[in-house]
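The sequence lines fix the lettering, A, B, ..., with proteins before strands; numbering per chain opens at 1.
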2 protein chains.
Amino acid sequence: MKIGELAHVAQCTVETVRYYEKEGLLPAATRTAGNFRQYGPAHVERLRFIRNCRALDMSHGEIRTLLSLADQPGAGCGAINAVFDQHIAHVDERIQELVQLKAQLSSLRKRCQAEQAVDACGILHGLAAMETEAKHKRHTHLG
Amino acid sequence: MKIGELAHVAQCTVETVRYYEKEGLLPAATRTAGNFRQYGPAHVERLRFIRNCRALDMSHGEIRTLLSLADQPGAGCGAINAVFDQHIAHVDERIQELVQLKAQLSSLRKRCQAEQAVDACGILHGLAAMETEAKHKRHTHLG
DNA sequence: CCACACCCTGAAGCTACTATAGAGTCAATG
DNA sequence: CATTGACTCTATAGTAGCTTCAGGGTGTGG
């Protein structure tokens, strides 16, 4: 199959497929006489795997690790479990951050219930008065 | 004050300050004879406002909007409330996404409790078998 | 033979910074 | 007065994971 069809079955764009090839996530396809990429079932499987990982918000690094682990048939899957556990921890951490954020936002929002002059707007005052805190380094790739 | 001191009181780096100036979030400073940027209290206030917004994960676009609204003293703050409500909705949406994600990840994780050969690993099988879904456009800038 | 859908490469754009190189400024010290 | 060291300047490139664009080539139906 050609790249358009592959992209279609894997629910992504043609550009994304080419990008994955350039990144080394997807092995390079063979080419037709006219220099079109030619794909088979193995490519479909791999691309679907990658897209499923991305749907779970894994980074390319995590996916690369999983793929290389999966490619060693003799190995055990302890390392795979570890990648997964760490990723779940990332997601959890980000959820906690966002929940806290929402609490802060909601409390600010309460300060301005009415339409009034901006000079009196409790939100703006709150934003100006907040204690500016140093941004702590993020351990996750989840924005 | 010079840029280093400004960065210090606003809890960010010198590079970030220069970046905000280039982006137009922070007005350009006056310069000393030696071409060093020179800041006053108004810059401190504005930069702290920006950093506080960023601590609440607002995008530069959202901050730009807030700043320009705040700069119109005669105007009402309905538009400000709207920006805020929308941002809270973004955060909420992202929390929902991540909670769902975590459920998916946890259910996958349960499929492989033991160290075993990768061929038998339930996680890998699950990742390969998942229904690949089209990535829906994200309405938020929160990763 | 032509239109049109599809494919190709390479480079730039997106967000919000961070990092680096190479040079200039300024206050204090010897 | 020269030097040291902390600070500043500009310009450029890198980060993640794509998307978009420009400027072409390929292949098929009428």
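A donor-acceptor contact shorter than 3.5 Å links the side chain of B:R48 to the backbone of A:M130.
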**OP:** Take nucleotides 15-30 of chain D nucleotide by nucleotide from the 5' end and write B, S or -, depending on whether a protein heavy atom sits under 4.0 Å from the base, only from the sugar-phosphate, or from neither.
**Re:** --BBSB----BSS---
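Note that CG of B:L26 is 5.5 Å distant from CG of B:L47, once rounded to the nearest 0.5 Å.
Listed pair B:R37 / D:dC9 meets the phosphate criterion, a side-chain N or O lying under 4.0 Å from OP1 or OP2. OP1 or OP2 of D:dT10 lies within a sub-4.0 Å distance of a side-chain N or O belonging to B:R31.
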Original post:
Is there a side chain to side chain donor-acceptor pair (under 3.5 Å) between B:Y39 and B:R46 once you walk through the steps?
Top reply: CA-CA 11 Å; B:Y39 296 100; B:R46 187 132 176 149; over 6 Å; no
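The shortest distance between side-chain heavy atoms of B:I50 and B:L67 falls below 4.5 Å.
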List the atom pairs, with distances to 0.1 Å, where a side-chain N or O of residues 114-125 of chain A and a protein N or O form a donor-acceptor pair under 3.5 Å, not counting sequence neighbours.
| from | atom 1 | to | atom 2 | distance (Å) |
| --- | --- | --- | --- | --- |
| A:E115 | OE1 | B:G78 | N | 3.1 |
| A:H125 | NE2 | A:D119 | O | 2.5 |

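The distance between atom CG of A:L6 and atom C1' of C:dC6, rounded to the nearest whole Å, is 15 Å. One interatomic measurement links the two molecules: NE2 of B:H8 to C1' of D:dA6, which rounds to 16 Å at whole-angstrom precision. Counting to the nearest Å, the C1' atom of D:dA11 and the CD atom of B:E21 are 14 Å from each other.
The aromatic rings of A:Y19 and A:H60 sit tilted relative to each other, their planes meeting at an angle between 30° and 60°.
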